[in-house]
Amino acid sequence: MTTRRAIDVSKLEPHVLDHRSPIWWGNLMLLFIESTMFAILVACYLYYRVVDFHQWPPPRVNIYPTLQQAYPALAIPTANLIVIVLSAIPIIWVDKSCLERKTWAVKIGLIITVLFGAVAIALRFNEFTALKFRWDDNAYGSVTWLILGMHLAHLITATCESVLMAVWIWTKGMDDKHARDIRTTCIYWYWVVGTWILLYTLIFWGPRFL
Amino acid sequence: MTTPAVEHVNQLPGEQVDPQAHHELDRTWTPAHGFIGWLVDTNQKHIGMRYIVTAMIFFGLAGLLALAMRIQLAFPENNFLSADKYNQFFTVHGMTMMFLFAVPIMEGFGLYLVSLMIGTRNVAFPRLNAFGYYMYVFGGIFLFTMLFLNTGPDVGWFAYTPLSGPQYSPGKRADTWSQMITLTEISALVGATVTICTAFKQRAPGMTLNRIPIFVWAEVITSFMIIFAMPAVMLASGLLAMDRLVHVNTHFFNPAEGGDVLLYQHTFWFFGHPEVYIIFIPATGFVSEIVQTFSRRRIFGYTALVLSLIATAFIGFGLWVHHMFATPIPLLGRLFFTGSSMLIAIPSGIQIFCWLATLLTGKPQLKTPLLFVLGFILLFVMGGLTGIMQAAVSVDRQLHDTFFVVAHFHYVLIGGAVFPLFAAMYYWFPKWTGRMLNEKIGIWNFILLFIGFNLTFFPMHILGLQGMTRRVYTYVPETGWGNNNLLATIGAFIIGLSVLVFLVNVIVSRKRGEIAGPNPWGAPGLEWSTTSPPPTYNFLYVPTVDGRAALWDQTKDTPVIVGLSHDKREVLTTTLLDARPDHRYELAIDSIWPFVLAIITSGCFIAAIFTPWAIPVAAVLAFIVLGLWFWRGNEPKFLVERLKATPGAPPPEVQRTFAAPNIVAQLKPGQT
């Protein structure tokens with residue numbers, strides 16, 4: 001009877017919390033897909049600006065009061081930008097606490113994150129009116145509403161995901177598998193924050209310079 | 001030397017096989033029986049095979065539509081189809097061939113084969129994989145149901161605005177187009193994500209990046225193309241749907257309110273051109289594998305081939321405007337895209353020279369798969385040449401929207417993808433079923449397809465040059481187009497006959513074909529080291545790899561992996577570049593939630609044709625279902641208890657099979 005050389009892998013870790021995990025890569029691919037989508041939307045926005053409009057935004061003539069320079073308002077959008085950027089603080093805390101396996105910190109951090117998310121979503125609904133156009137007024141209105149709306153969808157998704165993680169941690173505690181899942185959620189949240197800094201700049205400051 | 005005629009043996013580890021291990025793995029990995037078991041199944045081979053079978057059914061349906069169109073065009077002023085039916089038929093034919101046949105079948109092959117070729121037990125996200133399949137099949141059923149209800153799209157497979165916009169296409173036909181696109185693209189994106197993560201993280205130890213089989217490279221590169229291209233068409237179809245939807249009425253493509261119809265063409269073709277390579281690159285992967293096996297030598301120019309694939313993928317994103325040469329594009333833009341369109345011939349040429357070099361320096365064995373590959377090389381070169389002709393703007397503007405273009409893209413797509421696909425069917429059928437396809441019928445299959453194909457599409461070059469435009473439902477006798485059209489129609493029926501011959505071959509061989517054994521071709525890929533068909537867990541012992549041609553390079557000292565759990569669906573994760581063992585990764589068990597989520601998502605898109613409120617409602621439902629999907633411990637008892645059941649002694653037939661000889665020596669090249 002001959003034997004065969006074998007490599008015993010039973011001592012390897014069952015969970016890793018970083019880029020070595022397939023879940024991390026799956027999340028990265030999702031972000032590639034969504035980033036591509038935003039990139040093409042931004043390209044459409046610029047295409048309309050260059051090809052189809054002499055003035056950007058176009059003068060508002062169909063609603064009273066008419067506006068010659070219908071720049072988007074800045075107050076609420078900027079307030080929301082601050083909220084969204086600040087939401088990175090609790091989520092970074094959650095991320096670090098997952099690595100250190102501090103369950104209590106993750107529990108509290110997730111709740112704070114969800115609160116930030118809820119405020120951002122509420123403010124976002126008011127942000128649409130800052131655009132001064134409806135989605136069905138013209139192509140400028142359509143494309144800006146869509147960019148805001150798509151990012152809103154991500155805000156809602158990220159917040160709901162954090163709610164789900166929070167419920168799990170509060171009811172079942174945190175094992176390594178779920179620590180990994182939460183870290184993945186954190187990466188998604190960073191992406192939501194990061195994309196918004198760019199999109200906010202484009203939508204609310206872009207018309208003043210383009 | 002004998003090939004073991006028994007099934008369910010994993011020979012790779014050689015003489016020592018533990019029957020108890022086999023039995024335990026079988027319990028852990030085999031899905032439940034019955035219809036429910038079928039719905040919850042997440043095994044990658046089952047899902048991959050469902051993709052392949054479903055795609056072949058859609059191939060047949062779209063082929064029937066093509067035959068109806070050819071009957072209509074066989075004679076001048078024919079009355080077989082009305083203009084309206086003809087419009088629906090050519091649109092649904094194109095959509096089906098692109099979105100329901102070509103892309104899904106290439107992904108299906110990948111989903112079936114990638115895990116076997118890289119030596120792992122299932123894909124990285126089995127549930128997501130099942131979800132992708134259900135999205136695809138619902139999209140297909142939706143399209144054909146709408147066609148049956150006389151609401152099939154009639155705006156061409158690229159649905160240009162303003163024709164497809166609310167003003168010129170009232171009714172729901174164009175909406176059918178946009179929602180079906182979205183459904184199938186979600187499926188493609190899901191499949192791409194699954195493929196990339198599996199190939200990056202679950203390769204057998206030793207399979208470094210520069211030892212990955214070329215077909216796996218092809219699938220990975222295609223998946224990246226899908227990830228960067230599909231969002232464009234989802235956006236194009238989504239914007240079109242919003243423009244059309246009552247109570248939403250956006251103005252993305254409405255010139256009266258600042259919208260732009262050309263922007264639609266840009267977003268569509270930014271996807272549409274890479275789409276061609278999404279279909280073609282996996283096909284070149286088939287060709288590389290088959291040429292290597294039947295030349296009895298390692299593939300010539302591995303690095304050049306892989307870099308060519310990557311180059312094709314990159315350049316493929318810089319060509320889209322050549323579909324728009326007949327629109328007012330700035331001169332510089334036209335010149336740039338002419339240059340890039342010619343540039344892409346270079347990596348394709350490199351691949352062809354590598355295959356020819358492999359064939360010429362090897363000892364080619366002219367089996368059916370190789371026959372189809374040789375047909376591919378000839379036809380694809382012809383299609384490529386007409387492609388280069390049309391890269392020149394002046395030629396393109398003459399030939400735009402004529403039958404010349406129809407001839408060109410059928411040469412590239414049928415010659416470039418369907419011939420390799422048939423080669424792949426003949427090549428991997430033994431692995432799927434354990435039996436060989438009949439060689440004699442295979443040769444008839446090839447001859448009929450080759451003759452029928454050329455008879456159908458070669459005359460179209462001439463028709464195009466004579467000025468016959470595509471998408472006309474009839475023509476007058478004075479044009480003189482009758483003879484060539486009749487030839488094309490006869491050719492189309494010969495193609496139909498060859499597909500029937502293939503079908504007969506599959507049905508006969510499935511029951512009565514010659515027993516294949518694990519490696520009937522003496523091929524080097526890891527998929528040939530396990531039984532045919534493979535067990536649900538793929539490999540009894542996860543293999544390791546010593547070189548590019550895994551089985552040709554392995555020795556008696558090549559180790560295997562032990563220590564993965566038999567009680568959980570556990571796979572080995574390796575590092576990205578060097579494929580060193582990294583950690584163990586537990587896969588989720590079977591679940592009904594992918595199926596439920598697919599119902600909600602596709603229901604949402606279909607309802608969104610009528611009301612925008614479908615989206616928030618479906619979003620809430622989807623969140624609930626995703627929560628249940630995520631929530632461990634809510635799995636039905638019968639699925640969980642299957643895993644906990646203590647396996648008794650293995651049944652006698654399992655013990656019997658372990659008389660298998662060590663087949664390592666048998667796998668050396670030169671012996672079949």
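Excluded from the calculations below are hydrogen atoms, water molecules and symmetry mates; all remaining heavy atoms, backbone and side chain alike, are included.
Per-residue heavy-atom pair counts under 4.5 Å with chain B were compared for A:Ser10, A:Pro22, A:Ala139, and the maximum is reached by A:Pro22. Among the candidates B:Thr250, B:Thr575, B:Val562, the residue making the largest number of heavy-atom pairs closer than 4.5 Å to chain A is B:Val562. Comparing B:Ala232, B:Gly258, B:Ala256, B:Gly259 by how many heavy-atom pairs each has under 4.5 Å with chain A, the most go to B:Gly258. Of the listed residues (B:Trp631, B:Phe253, B:Phe228), the one with the most heavy-atom contacts under 4.5 Å to chain A is B:Trp631. Heavy-atom pairs under 4.5 Å with chain A peak, among B:Asp260, B:Asn249, B:Leu235, at B:Asp260. Comparing A:Val9, A:Asp137, A:Val143 by heavy-atom pairs within less than 4.5 Å of chain B, the highest count is held by A:Val9. Ranked by non-hydrogen atom pairs under 4.5 Å with chain A, the options B:Pro255, B:Ser223, B:Pro559 are led by B:Pro559. Interface remark: of the candidates B:Gly563, B:Ala619, B:Ala229, B:Gly563 forms the most heavy-atom pairs closer than 4.5 Å to chain A.
Between B:Tyr264 and B:Thr161, the shortest heavy-atom distance links the atoms CB-OG1, 3.3 Å. Nearest approach of A:Pro207 to A:Tyr71, heavy atoms of both residues: O-CE2, 3.4 Å.
Between A:Phe38 and A:His154, the angle of the ring planes lies from 30° to 60°, which puts this pair in the tilted group. Using cut-offs of 30° and 60° for the angle between ring planes, the A:Tyr140 and A:Tyr45 rings count as tilted. A perpendicular orientation is assigned to the rings of A:Phe204 and A:Trp196, their planes being inclined by more than 60° (bins at 30° and 60°).
With a 4.5 angstrom heavy-atom cutoff, A:Ile156 does not touch chain B via any of its atoms. Using a 4.5 Å cut-off between heavy atoms, B:Leu263 touches chain A through backbone and side chain atoms alike. Of the atoms belonging to A:Arg180, it is side-chain heavy atoms, and not backbone ones, that fall under 4.5 Å from chain B. Neither the backbone nor the side chain of B:Val194 comes within contact range of chain A, judged by heavy atoms closer than 4.5 Å. For a residue to count as touching a neighbouring chain, one of its non-hydrogen atoms must lie under 4.5 Å from one of that chain's; by this rule B:Leu128 does not touch chain A. Contact of B:Ile226 with chain A is not made at all, since no heavy-atom distance falls under 4.5 Å. Contacts between A:Leu146 and chain B at a heavy-atom distance below 4.5 Å involve the side chain alone, from C-beta outward. For chain B, the nearby part of A:Asp181 is the side chain; its heavy atoms alone come within less than 4.5 Å. Contact annotation for B:Met230: neither backbone nor side-chain heavy atoms come within less than 4.5 Å of a heavy atom of chain A. Only the side chain of A:Val51 has a heavy atom closer than 4.5 Å to any heavy atom of chain B.
In this structure, the side chains of A:Thr185 and A:Arg183 stay at 4.5 Å or more apart for every pair of heavy atoms. At least one side-chain heavy atom of A:Ile40 sits less than 4.5 Å from a side-chain heavy atom of B:Thr267.
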task: Applying side-chain contact (heavy atoms from CB on, under 4.5 Å), run through B:Glu107 and B:Thr222 and close with a yes or a no.
output: CA-CA 9 Å; B:Glu107 280 203 308; B:Thr222 305; over 6 Å; no
task: Verify side-chain contact (heavy atoms from CB on, under 4.5 Å) between A:Thr157 and A:Val192, making sure each step is shown before the conclusion.
output: CA-CA 10 Å; A:Thr157 310; A:Val192 170; over 6 Å; no
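For CZ of B:Arg580, the number of neighbouring non-hydrogen atoms (other residues, nucleotides, ligands) closer than 6.0 Å is 12 at most.
Shown here are the side-chain contact (heavy atoms from CB on, under 4.5 Å) partners of A:Ile33, two or more places apart in sequence or in another chain: B:Leu189, B:Thr193, B:Ile227, B:Pro231.
Taking NE2 of A:His15 as the reference point, atom CZ of A:Arg20 lies at 13.0 Å (rounded to 0.5 Å). Once rounded to the nearest 0.5 Å, the distance linking NZ of B:Lys201 with OH of B:Tyr585 reads 11.0 Å. Here CZ of B:Arg584 is found 9.5 Å from CG of B:Leu572. Values are rounded to the nearest 0.5 Å.
Within residues 96-133 of chain A, no residue has any heavy atom under 4.5 Å from a heavy atom of chain B.
Although no hydrogens or angles enter the test, the distance criterion places a donor-acceptor pair under 3.5 Å between the side chain of A:Arg5 and the main chain of B:Asp557.
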